[in-house]
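Every chain is numbered from 1 and lettered A, B, ... according to where its sequence line falls, protein lines coming before strand lines. This one's a predicted model, so the numbers in the text were calculated from it and none came from an experiment.
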Amino acid sequence: MDASSIDESTASDSTSISPVTPLLFHSSPSATAEAESRKLPSSRFKGVVPQPNGRWGAQIYEKHQRVWLGTFNEEQDAAKAYDIAALRFRGRDAVTNFKPLHHDDHAAVEADFLNSHSKLEIVDMLRKHTYNDELQQSKRQRGPTTADSASGTSPNYSLWDSKREVLFEKTVTPSDVGKLNRLVIPKQHAEKNFPMGEGVVLGKGMLLNFEDMGGKVWRFRYSYWNSSQSYVLTKGWSRFVKDNTLRAGDVVRFLRSTGPDKQLYIHANPTPGPAINPVHVVKLFGVNILQLPVGKTEGVFLELQPTKKQRIIKPL
DNA sequence: CTTTGTGTTGAT
DNA sequence: TCAACACAAAGG
């Protein structure tokens, strides 16, 4: 998985073909074979327990009590979750499945991250499969460490010197800022610029982080809607619309860091850069509802509203 | 309906 | 502390 921007995990999960199928052969006199097929496979990893549906659970114990760390498609992912919890609950010397492979700065950064969050928060991240996302995000807020820049080429506290390239802009439509809680990403831009994870087409979508001008990080669900054959940002989008008081015709600009991190950025109504395309202002009822780049075809601009009554367009 | 993850027990 | 097992609770 691309740890920088997605959370839904594991590129290789759909390969599991009913790993545990407790088929019952009631007519068979051989009850031993039946009992054997019913048994769940043990994990070779610490803190990992099999689930009836072939997935894997992770758990850690503290003070006579089990702390559930979530379920995972891949046994290794459950083991990693246990490792993280073990480090948070029991410190640096905890027994883990994989973790002590590194002793570098990354481990130190992660230790900082772990100790700056409560056990409950860490467990919550593990259960939601957002731990790697949050860790990456914390690295960005702090700025790159010496381990991130080429070793020795720059002094400590080197500045974040990567640039942001504009990927594309979209003039939002009425439905983009309506109650549908979704922004349609023009297919061409989506397929060219946004990550193509397995979950995107597979219905679940993926979570993408975008940083705005103020440094605030927004997380949207990015997925493909088969019904409309379009890519969309859904979960979290309406909040962005609200906080930025986005209106139809406003421009949203998407950018991406040119550095090794692929941090995405989103700017609402960015100040037009040099040599920006002239815009054609369309007004309705004296209200500016559309701004279209001249000479560009951005798809359908007017969208039918699914209303039975006469739609009331409020003055802005 | 499917899946999670809790209740529980016995072992190490 | 730990995992195995059964299954009620939770979720879609």
Rounded to the nearest angstrom, tell me the gap between atom [atom1] in [X] and atom [atom2] in [N].
X	N	atom1	atom2	result
A:L40	C:dA6	CG	P	8 Å
A:N53	C:dA6	CG	P	16 Å
A:L69	C:dA3	CG	P	11 Å
A:F45	C:dT1	CZ	P	23 Å
A:W56	C:dC5	CH2	P	12 Å
A:F72	B:dT3	CZ	P	17 Å
A:N73	B:dT2	CG	C1'	14 Å
A:L126	B:dG5	CG	C1'	15 Å

Exercise. Looking at every strand, decide which applies to A:S42 at a 4.0 Å heavy-atom threshold: base, sugar-phosphate, or nothing.
Key: sugar-phosphate

Exercise for the section: Rounded to whole angstrom, note down the P distance from C:dG12 over to B:dT6. Expected result: 16 Å

- Query: Are A:D212 and A:W218 close enough that a side-chain donor and a side-chain acceptor fall under 3.5 Å?
  - Reply: yes

Go through the side-chain N and O atoms of A:S43 and A:E75 and say whether any donor and acceptor fall under 3.5 Å apart.
-> yes

Item checked: Among A:E110, A:K80, A:H117, A:Q136, side-chain hydrogen bond (donor to acceptor under 3.5 Å, both in side chains) partner for A:Y131 ->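 So, applying the side-chain hydrogen bond (donor to acceptor under 3.5 Å, both in side chains) to A:Y131 and each of A:E110, A:K80, A:H117, A:Q136, only A:E110 qualifies.
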
| query | Under 6.0 Å from the CD atom of A:Q65, do we count more than 12 heavy atoms belonging to anything else shown? | reply |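 Result for CD/A:Q65: open.
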
Apart from A:M213 itself, members of its ILVMFWY cluster (side-chain separation under 4.5 Å) are none

Counting only side-chain heavy atoms from C-beta out, which of C:dC2, C:dC7, C:dA4 sits nearest to A:V49?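 Nucleotide nearest to A:V49's side chain: C:dA4.
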
Pair A:F194 + A:Y222: ring centers closer than 6.0 Å = yes

Can you see whether A:F254 has A:K170 sitting over its ring - NZ or CZ less than 6.0 Å from the centre and within 45° of the normal? no

For nucleotides 6-12 of chain B, 5' to 3', base contacts (B), sugar-phosphate-only contacts (S) and non-contacts (-) with protein non-hydrogen atoms under 4.0 Å give BBB----

